[in-house]
Every structure is written in structure tokens, then in C-alpha cells.
Amino acid sequence: MFDGTPCHTLYVKNLNDKIKKIELTRQLYAMFSTYGMVLDIMVSKAPKLRGQAFITYKDISDAANALKRMQGFPFYEKAMMISFAKRESHVITQAKKYVPPKDERTLAKETNAKLAAKKKPAGDEEEPAATIYVENLPDEANESMLNLLFSQFPGFKKSRPIPAGGKAFVEFADPGAATSAKDALQGFKVTPDRPIKLTYAKN
DNA sequence: AGCACA
């Protein structure tokens, strides 16, 4: 088909390019909107685009009808030459994006997740703190060993091992610094079988 | 003659 494959947008050329952009747009709208809802009209004075217009309809059938009816129509002493645009306009492609419906399992999962989140609001959701609580350390872990581990991180202040407990507090300048260290060392194996566990200290 | 907009 010489007009191209049907499309929501009409490509109009051979327009009188001496007409001001706003006026052209307004006149085109007046005529073309009589065939159906026009979503957008684009005219440009750019060298490559002068004398042309893109007219986008909500419905393809209206676009097709307008094309047929307006083809060759004299407009400011020039016959309009109309075809379907090569590509759909963005207004159309954006609106066409298909959102797959959620199946029941997905919905149930989401509902459960929401309910669970409500049950324990601040429960095991960690509140960032400047001090980290370290667990699963070897019993013999002491301050200098902890310093060795944590002082490589910016903002490190001091380590406070809990005597003989395999646990320690490590202080940082602020929660941000503590977070970097915590994330970096999470699960770090001090000995081959001992991943340490890091959480924020509770105030 | 010439097909853009995000």
C-alpha cells in the first residue's frame, strides 16, 4: 500500500511552509479533529521538517479515515500529501505498554509480605547506628585483633571486645562509616569456619 | 523532498 501500514499518526507533507507554526497547528487541528480524537500534532520549522506535520489520533480507524478524506486537500494553496507515519508516536507507544496482570499466587505473596511487614514494624529491621555489634568472634579475640580488622575503614574510632564472649562493639564516627564497614566485613571469616556477624548496636 | 516526539 502506497500510504504505508496503518498507524495512529498521519504524516502530512507539502504544507505551505510560510505559515507560522502556531497557526498551522491550529488549522490542522481544526480540520483533522473532525475525524476523531487527535492526541497530538507536531509541526517543526527545523530545516529537515519544514512543510511537514505529524498528526496523532487516539484511534487508528479515525486516522485511516482522515487520510482518505483529506488526501490532496488544498490547504493554503497547496495540496496536502498524506500517508501513515513510518513509526508510531511516543504518545502511542507509551500508552501501549502492556502490563501483565498479576496472577493469584503473586498477589497472595505480596499480601503476605505486607502483613508480615506490619506484624513486626521495627522488629528485625535494623536502625543504622554508629556502633556495630560483632558476633561469632573467636573467644580469644582481643582489641588489637579487632582494630586490625576494622581500622582499615574510614571513621573507625575504637573496638570494645566483650570479655570472653566472642562478641564486641566497634565504634565509628557516624552511621554511614559504620555501614560501609559492616557491609564490607559481613560474613568475613576470621578463622576458616567462623563467619562473623555484624549488626548495628541498639542504643 | 523531507519521518519527529521520549
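Protein chains get the first letters and strands the later ones, always in sequence-line order, with residue 1 at the start of each. None of the values given here were measured: they were computed from a predicted structure.
Residue His90(A) places its side chain closer to dA6(B) than to any other of dG2(B), dC3(B), dA6(B).
The interatomic distance linking Glu88(A) (CD) with dC5(B) (C1') rounds to 13 Å, in whole Å. As rounded to whole Å, 18 Å separates atom P of dA1(B) from atom CE of Met80(A). Rounded to a whole Å, the CG atom of Asn14(A) is 14 Å from the P atom of dC3(B). What separates CG of Leu49(A) from P of dC5(B) is a distance of 7 Å, to the nearest Å. Lys78(A) places its NZ atom 14 Å from the P atom of dG2(B), with the value rounded to the nearest Å. Remark: C1' of dG2(B) and CD of Gln52(A) are 4 Å apart, rounded to the nearest angstrom. The nearest whole Å value for the distance from the CZ atom in Arg87(A) to the C1' atom in dC5(B) is 11 Å. Tyr11(A) places its OH atom 7 Å from the P atom of dG2(B), with the value rounded to the nearest Å.
Remark: side-chain polar atoms of Tyr57(A) are paired, donor with acceptor, to backbone N or O of Phe32(A) under 3.5 angstrom. Proximity of a side-chain donor or acceptor of Asp174(A) to a complementary backbone N or O of Ala177(A) within less than 3.5 Å is detected.
A ring-centre distance under 6.0 Å is not found for Tyr200(A) and Tyr133(A).
Stacking between Phe54(A) and the base of dC3(B) is absent under the criterion of ring centres within 5.5 Å and planes under 30 degrees.
Within the 4.0 angstrom heavy-atom criterion, base atoms lie near Ser89(A). Heavy atoms of Asp40(A) sit nowhere under 4.0 angstrom from any nucleic acid atom.
The shortest distance between side-chain heavy atoms of Lys182(A) and Glu126(A) falls below 4.5 Å.
Note on ring orientation: taking the six-membered ring where Trp is involved, the planes of Tyr11(A) and Phe54(A) are tilted (angle from 30° to 60°).
Each of Asp17(A) and Cys7(A) was assigned the nucleotide of DNA chain B with the nearest heavy atom; the assignment lying further toward the 5' end belongs to Asp17(A).
Between Lys48(A) and dA4(B) there is a side-chain N or O to OP1 or OP2 distance below 4.0 Å.
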